[in-house]
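Chain letters run A, B, ... following the sequence lines, proteins first, then strands; residues in each count from 1. Both backbone and side-chain heavy atoms feed into the values below; hydrogens, waters and symmetry mates do not. Just so we're clear, the structure is a prediction, and the values are computed from it rather than from any experiment.
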There are 4 protein chains.
Amino acid sequence: MSLSKLIGARGEAAADDVPAKRERRKEARPKELLDAALDLFVEKGFAATRAEEVAVRAGVSKGTLFLYFPSKEDLFKAVVQENISGRYAEWNQEFVDFEGTSADMVRYCMKVWWDRIGATRASGITKLMISEARNFPELAAFYQQEVINPGKRLIRRILQRGVDSGEFRAGMDLEYAAYAISAPMIFLIMMKHSLAACAPEDYPLDPERYVMQQADVVLHGFCAKPEGTDR
Amino acid sequence: MSLSKLIGARGEAAADDVPAKRERRKEARPKELLDAALDLFVEKGFAATRAEEVAVRAGVSKGTLFLYFPSKEDLFKAVVQENISGRYAEWNQEFVDFEGTSADMVRYCMKVWWDRIGATRASGITKLMISEARNFPELAAFYQQEVINPGKRLIRRILQRGVDSGEFRAGMDLEYAAYAISAPMIFLIMMKHSLAACAPEDYPLDPERYVMQQADVVLHGFCAKPEGTDR
Amino acid sequence: MSLSKLIGARGEAAADDVPAKRERRKEARPKELLDAALDLFVEKGFAATRAEEVAVRAGVSKGTLFLYFPSKEDLFKAVVQENISGRYAEWNQEFVDFEGTSADMVRYCMKVWWDRIGATRASGITKLMISEARNFPELAAFYQQEVINPGKRLIRRILQRGVDSGEFRAGMDLEYAAYAISAPMIFLIMMKHSLAACAPEDYPLDPERYVMQQADVVLHGFCAKPEGTDR
Amino acid sequence: MSLSKLIGARGEAAADDVPAKRERRKEARPKELLDAALDLFVEKGFAATRAEEVAVRAGVSKGTLFLYFPSKEDLFKAVVQENISGRYAEWNQEFVDFEGTSADMVRYCMKVWWDRIGATRASGITKLMISEARNFPELAAFYQQEVINPGKRLIRRILQRGVDSGEFRAGMDLEYAAYAISAPMIFLIMMKHSLAACAPEDYPLDPERYVMQQADVVLHGFCAKPEGTDR
DNA sequence: AATGAATGAGACTTCATTCAT
DNA sequence: CATGAATGAAGTCTCATTCAT
């Protein structure tokens, strides 16, 4: 599938109910509002999204929106929080349980990153956070702590596992290697929600193929073969 | 230098006060306004930047801004042209005249990309365009044509040169390879102007080192050595 | 009544306060706004009337005005429709049903023109359109089509009826005759809203008497008596 | 009372020495500015005419305009004064010297009114004053005294001459008769500068023929024939 | 809880007017 | 005298937010 085909592909919905107070409030809050807001914020940015548009798309009146979210800014924060709340634990576990080479782990990591985030509506959050970070520093800090850093730690663990097993080069700089893995994902996601959305014909790219290819490229550099990729 | 150190590094300050007020200003105004606008657009986004702020930062009144740029949107367009599209011809020429291996060309390309755009305030344009593309389809199209496509063609020519000379693998997919070169640059630039600007301590990255390292990584995949990196 | 007495004569004032606030207002708002707008447009001209003034006079805030009329120009058009073009059908019907001589029809036409437009606030529209036509060509075209031309056609039908019945001279030029009927009305209306409004004492004219007198004068020229008034 | 005193006191102090000082200043003032302003004010009205447009059309810079006229409002007043300044004395004399019937006098009066005012740029002043009277009451009063009233007196004298000679009916109401003469002129002038200027094809009227025809019509009513025109 | 009419601060933009050159 | 760059008050219109129903 090409990147241009992916654009506008709406994804799944999360259907987990049951306990916890936070959970309950989240349930009670019209999920439709957060859904509508996510779409619009991603598409038009925070400032250009009008509160009424969100309400209308969610099928309620303007007043109702403010019944649930005291302000547009609060709505924005809720959208981000709602959508980044952890499926991390679950995903993380997969890697704890993972059996196979560390190279496969890296490939798997990139693949699921794309499948579960990049290819779904969740990628909108990534785009949103990066686009609006300077306007919402507080939220950016939260995102950094709750999303970026855990993700980074996961990647580090994978890389460390490769180094420990002798599969990856001993001297490799884990910090830099982590970025090598992230960059293609972030790049793809940002493009999907910006320029590629405006001119799909200029981005005849199959993201999955690109991701797998990039996985191979970076692994090339990681592997404990003769010549180093690093200078 | 680390990415975090780069953040917020402005250029020089206006040190010359050799007046001759009026006439000199008339010449300098547009540049002063574009400078101020670039800073503010990058920092706060297009919508959140008020026209008066731009004027005040440029040291003039609200009205004066509209004397030079008929609307805020026109100001935005002028900022893009001033900082990026206006310089391509010159940059392009360097590669026509380039003598050396194609690998060196790729390295040089990535290096100057970072030096001239990534490390300067011009990178703000990249961030801005990607963040606001959906809001300004017309501008996005303009940017795609004037900036992205010429850049992409330049990279293609470099890659083709390598293939033609036998330096790069014959079967490599130029489209994908071009993205492999772009992704680290775009990634770095987006981070610099978003999350890394909010939490510099979380991004202890030396961008130049990262860029050069990525250059080596991608070149690994391009070079006509034994095993292919590509699938 | 003298022309000077007519000036500034407003209609009634809102005397009923049988509230049920909200829902009743919603219905009444547009009319209230159009009323206020008519007064102000006539008094100060289109350009010199501020939107907020209209709102305040209608007892609402600035924003509310734009809730009902998307722009000041749309407000103007609505005023024209409300006060003139919207009523033509009804007025026209009276002449279809008219029984009596054609001379009486002419007299009746001029009388109701004065009673329903000239003597009311609607005359302000006539004045306004003539004063501002060049500034709003689109609106002028609208007015020409919706008001002037139907009116002219009505007058023509009346005159033709007189000619057909032998009551009016066979060779009379209907185009010119129509202007002979219009001129006194337009003149009176323009004066009422301009110079006569500034110096009422200089216009000790009873408009109704003047109108009826003019009716007789023009009818004199129309009638199929011996000597022709026309050259 | 002098012209300049009536109109809101322009610049000069009471130190008017030498003769012809006023004249000299009027001469010195770029006639081009007043000409340009007249055209634009007539065409677009006072509010919609921008000071810079006037300057540009007069071939000078914006600053120069304000060198001669302290404000746009003063410019307006000067335009009106410049163009209504009396050729009245001269015209009036023609009627003192007139030899012929009073009916011919009326015809001549209407003809020269059209030839010298209606058909020339001077008609713009009439249009302007009527359009803007409410916005410039002081100027309107001046115009009323200096233009309208003398004109009305002239017409009265003509009519009185006719009555005295037995040519016109003895009991006719001079006030009303004067309006009967004015109305077609004012009507024609207003139309020329408003709706007819926007849709000339809707006004296929030969003004001179219309004027002469109207002269005949009103004279019919004035003449001392049997039946009265008045009811 | 839900509505949507109403608000008013604030944004962009215009343009009469000033004043250094 | 003349210029035109600069100003800033004022106007139109938007939209987040409130609150009576």
Novice: Round to the nearest Å and state the distance from B:Leu33 atom CG to F:dA6 atom P.
Specialist: 9 Å
Novice: Check every atom of F:dA5, F:dG4, E:dG4 against the side chain of D:Ser61 and return the nucleotide holding the closest atom.
Specialist: F:dG4
Novice: Rounding to a whole Å, what distance do you find between B:Leu67:CG and E:dT17:P?
Specialist: 17 Å
Novice: When both hydrogen-bonding distances must be under 3.5 Å and the geometry is Watson-Crick or G-U wobble, what is E:dA20 paired with, if anything?
Specialist: F:dT3
Novice: Measure from the side-chain heavy atoms of A:Phe66 and tell me the nearest of F:dT17, F:dT3, F:dT7.
Specialist: F:dT17
Novice: Just the rounded figure in Å: distance from C1' of F:dT18 to CD of A:Glu52.
Specialist: 14 Å
Novice: If each of B:Phe46 and C:Leu65 is mapped to the nucleotide of DNA chain E with the nearest heavy atom, which maps nearer the 5' terminus, i.e. the 5' end?
Specialist: C:Leu65
Novice: Strictly below 4.0 Å: does C:Thr64 bring a side-chain N or O up to OP1 or OP2 of E:dA5?
Specialist: no
Novice: Using whole Å, report how far CZ of B:Arg50 lies from P of F:dG8.
Specialist: 16 Å
Novice: Would you mind reading off the distance between A:Phe69 atom CZ and F:dT18 atom P, rounded to a whole angstrom?
Specialist: 15 Å
Novice: Just N and O in the side chain of A:Tyr68: are any of them under 4.0 Å from OP1 or OP2 of E:dA2?
Specialist: yes
Novice: Find the distance between CG (C:Leu34) and CG (C:Leu75) and round it off to the nearest 0.5 Å.
Specialist: 6.5 Å
Novice: Backbone N or O of C:Leu40 within a donor-acceptor pair of the C:Thr49 side chain at under 3.5 Å?
Specialist: yes
Novice: Are the ring centres of C:Tyr143 and C:Phe136 closer than 6.0 Å?
Specialist: no
Novice: Take atom NZ of D:Lys44 and atom P of E:dA16, then tell me their distance rounded to the nearest Å.
Specialist: 11 Å
Novice: I'd like to know if C:Lys62 reaches the base of F:dG11 with its side chain such that a donor and an acceptor end up less than 3.5 angstrom apart.
Specialist: no
Novice: Applying a 3.5 Å limit to both distances, which nucleotide forms a Watson-Crick or G-U wobble pair with F:dT14?
Specialist: E:dA9
Novice: Please state how far atom NZ in B:Lys72 lies from atom P in F:dT12, giving the value in whole angstrom units.
Specialist: 21 Å
Novice: With no hydrogens and no angle check, is any side-chain donor or acceptor of D:Glu132 less than 3.5 Å from a backbone partner on D:Phe46?
Specialist: yes
Novice: Using atom types as modelled and distance alone, determine if a side-chain donor or acceptor of A:Asn135 lies under 3.5 Å from a backbone N or O of B:Lys44.
Specialist: yes
Novice: C:Glu73 CD to F:dG11 P: how many Å, rounded?
Specialist: 18 Å
